[in-house]
Amino acid sequence: MPWLLLFLAGLFEVGWAIGLKYTEGFTRLWPTAGTVFAMVASIVLLGIAMKSLPVGTAYAVWVGVGAVGTAALGIVLFGEAATAGRLASLALIVAGIVGLKLATPG
């Protein structure tokens, strides 16, 4: 269960990172409200997951899921570059997340 909560926390991190783009400097009400909600949800879920998981592992996985998800959506939504080097780097982050999961009890 803590791993599922941690993954959901990472997805909410993606939500607020992408949401920041749509707030236009926090000048748009609904994108701002959604972004703030995602920020709070992400931190709360991370905190709950950290009750059972090592802090270093939980934080690294949370950041990794957020980074990969945000970069992937940047490519899809905003036309950011999808170079071989960038995609390979994202694959390495995913490998690190999987490695941390396999190396962590629970």
Side-chain angles (χ1 to χ4, degrees):
M1 186 65 152
W3 284 100
L4 175 60
L5 294 176
L6 182 58
F7 183 72
L8 289 173
L11 292 180
F12 276 110
E13 184 187 8
V14 173
W16 70 256
I18 294 297
L20 285 173
K21 181 81 168 172
Y22 291 104
T23 67
E24 295 181 14
F26 298 103
T27 61
R28 296 180 62 211
L29 176 62
W30 293 115
T32 297
T35 298
V36 170
F37 172 80
M39 288 175 173
V40 171
S42 181
I43 293 296
V44 168
L45 291 171
L46 174 62
I48 294 168
M50 281 186 175
K51 287 179 169 180
S52 304
L53 297 172
V55 67
T57 298
Y59 185 74
V61 169
W62 179 69
V63 170
V65 169
V68 170
T70 302
L73 284 178
I75 292 167
V76 172
L77 297 175
F78 306 122
E80 296 175 0
T83 63
R86 189 168 188 201
L87 296 175
S89 297
L90 292 174
L92 289 171
I93 295 171
V94 171
I97 292 168
V98 171
L100 286 169
K101 168 62 174 121
L102 294 174
T104 304

Please set out all donor-acceptor pairs under 3.5 angstrom arising from side-chain atoms of residues 8-26, sequence neighbours excluded.
residue, atom, partner, partner atom, Å
T23, OG1, L20, O, 2.9
T23, OG1, F26, N, 3.2

Spacing of [X] atom [atom1] and [Y] atom [atom2] [to the nearest 0.5 Å]:
{"X": "L6", "Y": "M1", "atom1": "CG", "atom2": "CE", "value": "12.5 Å"}
{"X": "L100", "Y": "L53", "atom1": "CG", "atom2": "CG", "value": "10.5 Å"}
{"X": "M50", "Y": "I43", "atom1": "CE", "atom2": "CD1", "value": "8.5 Å"}

TODO: Give a yes or no on whether M39 and V44 share a hydrophobic cluster (residues Ile, Leu, Val, Met, Phe, Trp, Tyr; joining criterion: side-chain heavy atoms under 4.5 Å apart).
DONE: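 Cluster IDs for M39 and V44 differ.
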
Open item on the list: Quick check on the hydrophobic clustering: are L92 and I97 connected, directly or via other members, by side-chain heavy-atom contacts under 4.5 Å?
Closed with: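 Different clusters: L92 never reaches I97 through Ile, Leu, Val, Met, Phe, Trp or Tyr contacts under 4.5 Å.
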
Task: Between W62 and S42: side-chain donor-acceptor atoms closer than 3.5 Å - done: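 Yes, a side-chain donor-acceptor pair sits under 3.5 Å.
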
- [ ] Locate the shortest heavy-atom distance separating P54 from T104; write the atom from each residue and the value.
- [x]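 For P54 and T104, the tightest heavy-atom pair comes out as CD-CG2, 3.7 Å.
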
Show the atom names and distances, to 0.1 Å, of all donor-acceptor pairs under 3.5 Å that link a side chain in residues 67-84 to residues at least two apart or in another chain.
residue, atom, partner, partner atom, Å
T70, OG1, G66, O, 2.7
E80, OE1, R86, NH2, 3.1
T83, OG1, R86, N, 3.2

